[in-house]
Structures are given as C-alpha cells and as structure tokens.
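Only heavy atoms go into these numbers, but all of them, side chains included; no hydrogens, no water, no symmetry mates. The first residue in the sequence is number 1, and the count goes up from there.
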Amino acid sequence: MTTTQPEPAPTSALRTVGPGSATWRWGVDWRVALASRAVLLLEVAHPVVGAGVIDHSEFLSDRWARISRTFASARRVAGFHGPDAAVAEGQRLREVHRTISGVDAHGRPYHALNADAYLWVHATGYAGPAVVRRAFGDRVEADREEALFREWQDLAGILRIPGRVVPRTRAEFWTYYEHTVETVLERNAATDLILELDRKPMPVPPNLTVPQPVWNGLATPLAALLRLTTAGMLAPTLRARLGVPWSSAREKRFGRVVSTVRVLDRLLPERIRHPAAERTDVLP
C-alpha cells in the first residue's frame, strides 16, 4: 500500500464553482440522500480510508457532529461560501490529513494523503450522485453529465489532488471507478462498523429534545429505506464482498422505491429537486 503524498496544485491554477455552475444547477439533488450510505461504504472500503477511519476518526464518539462538519466542508468546497473559502477549505483538508498515518490490521502502512486514496474519496462524490441519476432518473443527459464531470475535475484541483491521477475523460473515470470497485475495495473493520451502525437508528439529533424511543419510531423506517437503497446501488460483486444482504424480495422492493422516486421527482418543484439551482448568492 503506497504512502505517496500528493503535491499541492498552484493556487493560481485552481478553478472554483459557484452560482450558475452545473454543480449548483444539477449536482445538488434531493435524491442523492438515498445514496449517502452507499457512498460512505464505498469510501471506507478503500484500504487506506478504512484504516484511517478506524484509527483516527471520531465518527463513533459524536456521529451527528461528524456529519455536520462533513456537510459544512462539502458546501465550502462547492463554493457556497465563495471562491476564497473553497480554496482555503481545500488547503485546510490537506493539512488535516497530513498527520493521519499508521499501519492497518494487515500490517500495511498507510497515509491519508496517499494520492490514490485521496482521489477515491473525491471520486465517490461524483460516482454516487451519477449512479443515483442513472438509477432514479428516466434518462441520462450526456451534456449535463459532461459539465458535472468537468467541474468535478476542477474540484479535484481545489482539494489539491495531483493532476496525474485524475481521470481525463468520463470514459476514463468509469474505467478507473469499476477497476477500483472490482480489485481494490475490501471488507474491513470500517465497512463492518458502518453496516452494524446502520442496523440501528441514529442517536437523537442534538437540536431535538425528544426521548430516544420516540425518535426511534421516526428514524427506524428511514434507516430501513437507506439500508435498501444502499444495497441496491452497490455493484453485485461488492455487495457480496462486503456481506450486504440481497435477495429477489429486496430487489423487488428496491424496484418499487425506484418507481416511486421517479414519480416524485417529476411532481416536485424545481426548488426542492435542485435546491441550489436558482441561487445567485453565496453565504458569508
């Protein structure tokens, strides 16, 4: 397992996204929530990422805080606080990961700034929503996908991922993605932990004052839905490798969810389907 760290991109060469971009118009999609757990599993199934999560993450100690920080960071990188904040956040993330290293359960040394692993986490951020658009949309618009991919490449620069490892075309990206899924990703302590946590409702959010049993009554159906969509959006070979249950009955239930989501997506107003599409401002 290589521990090569990426060289930072010159700040002058960085291109940010913002109002009117493809990312804001189509990338912020309500359906992406259905892929959230699948994306997380894909990330931690990478040997370097999984080892770093187990050894260095506070995910278990405060799950809501971790989710909130991740969401806030993603918004800054995506330009919701302006281009300067996006560039600064990319550098901050690089500095945070600089000290994350160790030896995994198989005796392999790892470093969080391993170029392939750093690219993989960013790659799931494009692939997860793209798979959602394929699964839950009626058709995939090539021009729209190309625009989203080009901005994903720009965001790779913001994250200081070295250009030598970033796929140059969408076709190259999917070849890289499928190769990684089939030959690199593995079942590990982090994937097992995520799957075990997903069998139970999340703790009560810190801003809600309701008893855990009341919250469980609300959260349990959602957790079951996310388990189903997680399984449905993983490649069959990866499902089997990670020990994610699947059956003909679950496949039929997933098909019903897909049909329902497609209908809802046609009925919902644009401001809900793509909540950032009409924004022309950035947050302070």
Side-chain angles (χ1 to χ4, degrees), residues 1-6 32-74 93-94 96-129 131 159 161 165 176-203 223-224 226-246:
M1 191 186 303
T2 178
T3 59
T4 303
Q5 297 182 30
V32 171
L34 298 171
S36 57
R37 284 295 185 265
V39 168
L40 182 56
L41 269 180
L42 285 166
E43 289 180 4
V44 303
H46 192 288
V48 173
V49 181
V53 166
I54 290 298
D55 290 348
H56 299 275
S57 176
E58 73 283 11
F59 183 75
L60 265 181
S61 60
D62 195 344
R63 294 168 66 187
W64 281 112
R66 176 60 177 167
I67 291 170
S68 176
R69 286 194 295 271
T70 299
F71 182 67
S73 176
L93 289 172
R94 178 179 166 82
V96 166
H97 288 86
R98 188 185 299 278
T99 59
I100 298 176
S101 62
V103 178
D104 72 7
H106 300 284
R108 300 171 296 192
Y110 69 85
H111 195 290
L113 289 183
N114 167 284
D116 296 325
Y118 215 55
L119 170 65
W120 176 247
V121 173
H122 184 47
T124 64
Y126 171 74
V131 170
L159 293 170
I161 299 171
V165 301
Y176 149 77
Y177 177 83
E178 290 161 8
H179 171 79
T180 303
V181 168
E182 295 300 324
T183 66
V184 177
L185 303 189
E186 64 182 21
R187 181 174 181 172
N188 55 41
T191 61
D192 286 350
L193 174 62
I194 296 301
L195 291 172
E196 177 59 31
L197 290 174
D198 281 350
R199 294 187 179 98
K200 308 168 186 176
M202 286 276 289
L226 289 178
R227 286 196 300 273
L228 179 63
T229 57
T230 295
M233 283 185 279
L234 292 176
T237 53
L238 187 59
R239 272 200 306 257
R241 197 180 316 149
L242 300 184
V244 177
W246 194 244

- line: In short, A38 meets M233 closest at the heavy-atom pair CB-CB, 4.5 Å
E182 CD to L238 CG distance, which is reported to the nearest 0.5 Å: 8.0 Å
field: Side chains of T230 and V244 in contact at under 4.5 Å (non-hydrogen atoms)
entry: no
query: If we only count heavy atoms from C-beta on, is the L226 to D198 side-chain gap below 4.5 Å?
result: no
- request: Over all heavy atoms of both residues, which pair between A112 and Y118 is shortest? Give the atoms and the distance, please.
  value: O-CD1, 3.5 Å
- request: Give, for atom NE2 of H111 and atom CZ of R98, the distance between the pair rounded to the nearest 0.5 Å.
  value: 8.0 Å
- prompt: Just how far is it from atom NE2 of H179 to atom CG of L185, taken to the nearest 0.5 Å?
  reply: 10.0 Å
query: W120 versus V184: any side-chain heavy-atom pair under 4.5 Å?
result: no
message: Nearest 0.5 Å, please: how far is CD1 in I100 from CG in N114?
response: 12.5 Å
task: Specify the closest pair of heavy atoms between Y110 and D55, including all atoms of both residues, with the distance to one decimal.
output: OH-OD2, 2.6 Å
- prompt: Would you say T180's side chain and Y176's backbone share a donor-acceptor pair under 3.5 angstrom?
  reply: yes
message: Tell me whether T70 contacts the main-chain N or O of R66 through its side chain, where contact means a donor paired with an acceptor under 3.5 Å.
response: yes
- request: Check whether any side-chain heavy atom of V53 sits under 4.5 Å from a side-chain heavy atom of E43, and report yes or no.
  value: no
task: Evaluate the criterion side-chain contact (heavy atoms from CB on, under 4.5 Å) for residue pair L41 and L195; output intermediate values, then yes/no.
output: CA-CA 8 Å; L41 269 180; L195 291 172; 3.7 Å; yes
message: I'd like to check the side chain to side chain contact (heavy atoms under 4.5 Å, CB included) partners of I54; sequence neighbours left out, ordered by chain and number.
response: A189, A190, L193
- request: Please report the C-alpha distance between L234 and W246 in whole Å, then the side-chain angles of each, then the deciding distance to 0.1 Å, and finally whether the side-chain contact (heavy atoms from CB on, under 4.5 Å) criterion is met.
  value: CA-CA 10 Å; L234 292 176; W246 194 244; over 6 Å; no
statement: Taking every heavy atom of G243 against every heavy atom of R187, the minimum-distance pair comes out as CA-NH1, 4.1 Å
query: T191 side chain to L242 main-chain N or O, any donor-acceptor pair under 3.5 Å?
result: no
message: Test your reading of the model: is there a side-chain donor-acceptor pair from H56 to the backbone of G52, 3.5 Å cut-off?
response: no
message: For a 4.5 angstrom cut-off between non-hydrogen side-chain atoms, does T124 reach H46?
response: no
task: With the side chain counted from C-beta on, respond yes when V32 and V39 share a heavy-atom pair under 4.5 Å apart, and no when they do not.
output: no
query: Which atoms form the tightest heavy-atom contact between G50 and N188, and what is the distance?
result: CA-ND2, 4.1 Å
- request: Give the minimum heavy-atom separation between R241 and V181, together with the two atoms involved.
  value: NH1-O, 2.7 Å
